[in-house]
Engineer: 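What follows is a single structure, and I will ask about it in a moment.
As the structure is a prediction and not an experimental result, all values here were calculated from the model.
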Amino acid sequence: MKNKLMVIDDEALILKTIQFAFEDLYEVCVYKTGSSALKALKEERPDLILLDLRIKNENGIEVLQNIKQLMPAVEVIMMTAFGTIETTIAAMKAGAYHYIQKPLQIEEMRNLVSKAMELIEARKTLQGMDGSKGYAYGLVGRSKAIETIINFIERSARTSSNVLITGESGTGKEVVAKAVHGAGRQSAGPFIPVNSSAIPEHLMESELFGHVKGAFTGAAEDRPGLIRMAHQGTLFFDEIGEMDLKLQAKLLRAIQEREFRPVGGNRLETFDARFIFATNRDLAKEVREGRFREDLYYRINVLRIEIPPLRDRRDDIPGLVNYIIRGLAYRDGIPAKMVSAGAMRLIEAQSFPGNVRELQNLVERVMIYSDGPVIDEEVVRGCLETSEIFSDSDMTGSIRIPVTSTLEEAERAIIFKVLQHFEGNKRLTAESLGIAERTLRYKLKESLEE
């Protein structure tokens, strides 16, 4: 069965040229507008998309973002006659595989498309899915856990109920959230992520609900909030357990009534969006200890899925390792490497408290330090010995620090590793280290000034 290539461009000549150049190799479908292509995306299920940066009145970057929300795993090559460094960076940040300038050079395009298709075929082979459901949802693995997640995604697609995704940091909660969005009726709308721990508390209300001109010092104009931006789409709250209690009450009302009041505003505004929440904390425990509202907990905990840690689904590790290697190889324009059996066994034996995120970090280091075409056990062991990795997921383990380190260097390494584990949350970091949050902030400031 041929791979499918979708082309989105408003120039008929371009569409005909590309179709003629590739129709012997791939199944080619063409669309003159981004909106028509997005509507057909689920039915067409292309392997690769060639997308023009400017399509009449449409912004190609926005079309790219919408494509990635609907099909996170699909690769997209941007085409444009208006190439600049800024647009290239914007396209890559939005998830583009590569960038090609017009006027199109057919041979150059054939080489680029061929490389992209090789990557796609490698992914399919490594996942053992050949374009099946997991691949379409951006999920890698063969474990029962992946099957359970896929079933959950498909079940949640039948409803607009709130979803709660739980799991340790780095397990891929946002990947699952995007898949839930892409499978549901809101898929044509935007996917708006909100990091509840990254936005300062005094700014969160304005960020979420927006504000009117003059609401506070610096509010020079009306500004829509994230809830308004998510209208007819999905609002994804990452680390919802970090949200301030007062703001939790306002969020609860917005969820229940489907209306909100901008900061400084006098009128209520309505909206239609699906809510998906994620946390690495035990929210039931947070409720018992008074740090999370019980009524909000029951409101968000309608459909629930727990993403198991990587150590509990080791069957997925080989596929993930090879998937990451192929991605890094194509990113850097170098040959992909093989992993010896001994090296793979050593990787599989690790506990990976940082989960997939930590695995990706290890594989990238291994790729850098491996000189030959095969990654052997010695290289993996060397990278493990020189890295600062927690040995236990519950943070009771140790960090490997060179014996030549000074006391200040050792302290700094521990602080930054714990801060990384808690994804920048200073309160949780301070609690874990047994110090006051003020002391932590002082030590961080001291480290940055050195």
Engineer: With distance as the sole test, does Glu358 use its side chain to make a donor-acceptor pair with the main-chain N or O of Phe352 at under 3.5 Å?
Structural biologist: no
Engineer: May I ask you to decide whether Lys2 forms a salt bridge with Asp47, counting only side-chain N to carboxylate O separations under 4.0 Å?
Structural biologist: no
Engineer: Using a distance-only test with no angle check, is there a side-chain donor-acceptor pair under 3.5 angstrom linking Arg185 and Ser160?
Structural biologist: yes
Engineer: Take Lys56 and Asp9, measure what salt bridge (Lys or Arg N to Asp or Glu O under 4.0 Å) needs, and give me the verdict at the end.
Structural biologist: CA-CA 9 Å; Lys56 292 184 179 177; Asp9 197 301; over 6 Å; no
Engineer: Let me confirm one number: the NZ-CD distance from Lys178 to Glu174, rounded to the nearest 0.5 Å.
Structural biologist: 4.5 Å
Engineer: Around atom CD of Glu259, are there more than 12 heavy atoms from other residues, nucleotides or ligands closer than 6.0 Å?
Structural biologist: yes
Engineer: Backbone N or O of Cys29 within a donor-acceptor pair of the Lys4 side chain at under 3.5 Å?
Structural biologist: no
Engineer: To the nearest 0.5 Å, what is the distance between CD1 (Ile8) and CG (Leu51)?
Structural biologist: 5.0 Å
Engineer: For Leu104, does its backbone N or O pair with a side-chain atom of Glu108 as donor and acceptor, under 3.5 Å?
Structural biologist: no
Engineer: Show me, pair by pair, the donor-acceptor contacts under 3.5 angstrom made by side chains of residues 226-235, not counting sequence neighbours?
Structural biologist:
| unit_1 | atom_1 | unit_2 | atom_2 | d |
| --- | --- | --- | --- | --- |
| Arg228 | NH1 | Thr270 | O | 3.4 |
| Arg228 | NH2 | Glu269 | OE1 | 3.3 |
| Arg228 | NH2 | Thr270 | O | 2.6 |
| His231 | ND1 | Asp272 | N | 3.0 |
| Thr234 | OG1 | His181 | ND1 | 2.7 |

Engineer: Tell me whether Asn162 contacts the main-chain N or O of Arg299 through its side chain, where contact means a donor paired with an acceptor under 3.5 Å.
Structural biologist: yes
Engineer: Using a 6.0 Å cut-off, check whether atom NZ of Lys213 has over 12 heavy atoms from anything other than its own residue.
Structural biologist: no
Engineer: Say whether, by atom type as modelled, one donor and one acceptor occur between the side chain of Arg365 and the main chain of Val380 under 3.5 angstrom.
Structural biologist: no
Engineer: Quick one: does Asp312's side chain have a donor or acceptor within less than 3.5 Å of a partner on Pro308's backbone?
Structural biologist: no
Engineer: How many angstroms lie between atom CG of Asp376 and atom CE of Met344, to the nearest 0.5 angstrom?
Structural biologist: 13.0 Å
Engineer: Before accepting this row, confirm whether a basic side-chain N of the pair Arg281/Glu242 lies closer than 4.0 Å to the acidic partner's carboxylate O.
Structural biologist: yes
Engineer: Assess whether a salt bridge exists between Arg314 and Glu348, defined as any Lys/Arg side-chain N lying under 4.0 Å from an Asp/Glu carboxylate O.
Structural biologist: no
Engineer: Does this structure show an ion pair linking Asp10 with Arg54, if we count only N-O contacts that are shorter than 4.0 Å?
Structural biologist: no
Engineer: Please check if atom CZ in Arg155 has more than 12 non-hydrogen atoms from other residues, nucleotides or ligands closer than 6.0 Å.
Structural biologist: no
Engineer: Classify the side-chain pair Ser143/Asp316 by whether it contains a donor and acceptor separated by less than 3.5 Å.
Structural biologist: yes
Engineer: Is there a side-chain contact between Leu53 and Ile61, using heavy atoms and a 4.5 Å cut-off?
Structural biologist: yes
Engineer: Please determine whether the number of non-hydrogen atoms from other residues, nucleotides or ligands lying under 6.0 Å from atom CD of Glu221 exceeds 12.
Structural biologist: no
Engineer: Tell me whether Asn355 contacts the main-chain N or O of Arg357 through its side chain, where contact means a donor paired with an acceptor under 3.5 Å.
Structural biologist: no
Engineer: Taking atom OG of Ser156 and atom CG of Leu303, what is their separation to the nearest 0.5 Å?
Structural biologist: 6.5 Å
Engineer: Rounded to the nearest 0.5 Å, how far apart are CE of Met338 and CD1 of Ile325?
Structural biologist: 9.0 Å
Engineer: Parallel, tilted or perpendicular for Phe271 and Phe275, by the 30°/60° rule?
Structural biologist: perpendicular
Engineer: For residues 12-21, which residue pairs qualify under side chain to side chain donor-acceptor pair (under 3.5 Å), counting only residues two or more places apart or in two chains?
Structural biologist: none
Engineer: Look at the side chain of Arg274 and the backbone N and O of Ser161, then say whether any donor-acceptor pair between them is shorter than 3.5 Å.
Structural biologist: yes
Engineer: In terms of heavy-atom contacts, does NZ of Lys32 have more than 12 from other residues, nucleotides or ligands at under 6.0 Å?
Structural biologist: no
Engineer: With rounding to the nearest 0.5 angstrom, report the CG to CZ distance, Leu283 to Arg304.
Structural biologist: 7.0 Å
Engineer: Take atom CZ of Arg427 as the centre, draw a 6.0 Å sphere, and report whether it contains more than 12 heavy atoms from other residues, nucleotides or ligands.
Structural biologist: yes
Engineer: Is there a donor-acceptor pair closer than 3.5 Å between any side-chain N or O of Ser187 and the backbone N or O of Ala183?
Structural biologist: no
Engineer: Just wondering, do Val339 and Val321 contact through their side chains at under 4.5 Å, heavy atoms?
Structural biologist: yes
Engineer: Does this structure show an ion pair linking Arg223 with Glu207, if we count only N-O contacts that are shorter than 4.0 Å?
Structural biologist: yes
Engineer: Please examine the side chains of Phe237 and Asn195, heavy atoms only from C-beta on, and report whether any two atoms are closer than 4.5 Å.
Structural biologist: no
